[in-house]
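Structure, as structure tokens:
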Amino acid sequence: MFTIGDFARHGRVSVRMLRHYDAIGLLRPDRVDEHSGYRFYSGGQLARLNRLVALKDLGFTLEQVGQILDDQVSGAELRGMLTLRRAELEQRIAGDRARLVQVETRLRIIEKEGAMPVHDVIIKFIPAVRVAELTAVAASFEPESIGPVIGPLFEDICKRLEHAGIPIVGYGIAYYEEREDGSVLAHAAVPVDLDPGEAHDFTVVDLPAIPQAATVVHRGSMYEVLEPWQALGRWVDDNGYRLSGPSREVTLVYTEDPSGWVTELQEPIRPK
């Protein structure tokens, strides 16, 4: 038998928490001395404590923890629940990190208001290109909505082309179409030399030429693309142009580390 202090030490929890778990019925002592009121725990209760703490730390409420423990789930079932919960938490953490990046980016933009522009804008002709593409719907244009959609699309289209033995003959192109409900249809496209009439598990389309496109090169993660896109938009407005079609993001360099990415932003324009 363990005193409450020894049990807390072996279980790596506080005595205060053990008393709380006792009070709400989650982990009762094995025995309570009727004269002194001292709590004593058995070594076998460490198993329940481990389950309790793991579930609590993964975000389950104490009420949910009690229900799970009382159902006497097996180790395999518990592993499955913990795996799912961990995936949810990891997704939430990734979303929070992405939002922090956006806050930092907007603060940089605010701090640079009124300063001389640092992005070199080039107007160029963009030739037509035949691409293989996949599409999916994102909730909005927010990076935390676009990123989790467009990334897997590119991975999928590249795998399908590789499986079909079809070479990619140019840079990857992402472009987006706003839908009536405010959501966004994201296109992940890669240049190919194919007949559009052939049957494939992807779509082959011809992206039209852009007679005039205002372009700027962005270096780094696409979660940091807000600043150059806004700079490009201001340049278009300040120089007597208007937008004339869906913009494109062309991946010139792709690396495992997103900080090494190089992307050309292409904004179709025409005179006002």
Side-chain angles (χ1 to χ4, degrees), residues 1-107 136-140 142-156 159 183 186 220-224 255-259:
M1 300 292 285
F2 295 101
T3 66
I4 189 171
D6 287 338
F7 190 72
R9 178 165 57 84
H10 281 84
R12 292 298 188 267
V13 295
S14 69
V15 169
R16 179 182 62 82
M17 288 310 301
L18 287 177
R19 288 173 177 156
H20 180 60
Y21 296 152
D22 179 14
I24 63 176
L26 272 181
L27 183 59
R28 300 287 193 188
D30 188 69
R31 182 172 68 84
V32 178
D33 187 278
E34 60 181 13
H35 300 294
S36 66
Y38 289 167
R39 299 171 173 88
F40 294 92
Y41 294 81
S42 68
Q45 289 182 286
L46 287 170
R48 183 177 177 91
L49 177 64
N50 288 335
R51 286 168 168 76
L52 192 164
V53 174
L55 290 165
K56 179 179 70 70
D57 286 350
L58 280 170
F60 290 99
T61 67
L62 290 180
E63 181 180 358
Q64 292 170 327
V65 170
Q67 292 172 351
I68 294 171
L69 294 177
D70 291 341
D71 287 341
Q72 296 183 343
V73 296
S74 67
E77 290 172 322
L78 185 60
R79 166 63 64 183
M81 285 188 291
L82 297 185
T83 299
L84 288 174
R85 193 64 170 180
R86 181 173 60 189
E88 292 174 0
L89 292 175
E90 288 174 347
Q91 185 175 11
R92 187 186 307 169
I93 290 170
D96 289 342
R97 286 174 176 165
R99 280 187 286 274
L100 282 174
V101 170
Q102 294 309 303
V103 171
E104 292 172 355
T105 299
R106 290 188 187 274
L107 286 175
V137 176
S140 71
E142 294 176 316
E144 54 265 35
S145 296
I146 294 291
V149 172
I150 197 67
L153 280 179
F154 271 114
E155 292 179 8
D156 194 4
K159 287 179 181 177
S183 62
S221 167
M222 294 305 288
Y223 282 106
E224 301 171 348
T255 61
E256 290 297 324
D257 182 357
S259 65

Please name the pair of heavy atoms, one in [X] and one in [Y], separated by the smallest distance, quoted to 0.1 Å.
X    : Y    : answer
I146 : A138 : CD1-CB, 3.9 Å
G11  : L49  : CA-CD2, 3.7 Å
A186 : V149 : CB-CG1, 4.1 Å
D57  : L89  : O-CD1, 4.5 Å
V32  : G37  : CG1-O, 3.7 Å
S14  : A8   : C-CB, 4.1 Å

Using 0.5 Å steps for rounding, measure from the [atom1] atom of [X] to the [atom2] atom of [Y].
X   : Y   : atom1 : atom2 : value
I93 : R86 : CD1   : CZ    : 11.5 Å
L52 : L46 : CG    : CG    : 12.0 Å
Y38 : D33 : OH    : CG    : 9.0 Å
M1  : D30 : CE    : CG    : 4.0 Å
L62 : Y21 : CG    : OH    : 6.0 Å

Can you find a heavy atom in the side chain of R19 that is under 4.5 Å from one in the side chain of I4?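 The answer is yes, as the side chains (C-beta and beyond) meet within the 4.5 Å cut-off.
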Any heavy-atom pair between the side chains of F7 and L27 that's under 4.5 Å? yes
Between [X] (side chain) and [Y] (backbone), is there a donor-acceptor pair under 3.5 Å?
X   : Y   : answer
Q45 : R28 : yes
Q91 : E88 : no
R48 : L26 : yes
D22 : L18 : no

For D257 and S259, run side-chain hydrogen bond (donor to acceptor under 3.5 Å, both in side chains): C-alpha distance rounded to whole Å, both residues' side-chain angles, the deciding distance at 0.1 Å, then the answer. CA-CA 5 Å; D257 182 357; S259 65; 2.8 Å; yes
May I ask you to check whether over 12 heavy atoms, not counting those of R92, lie within 6.0 Å of atom CZ? no
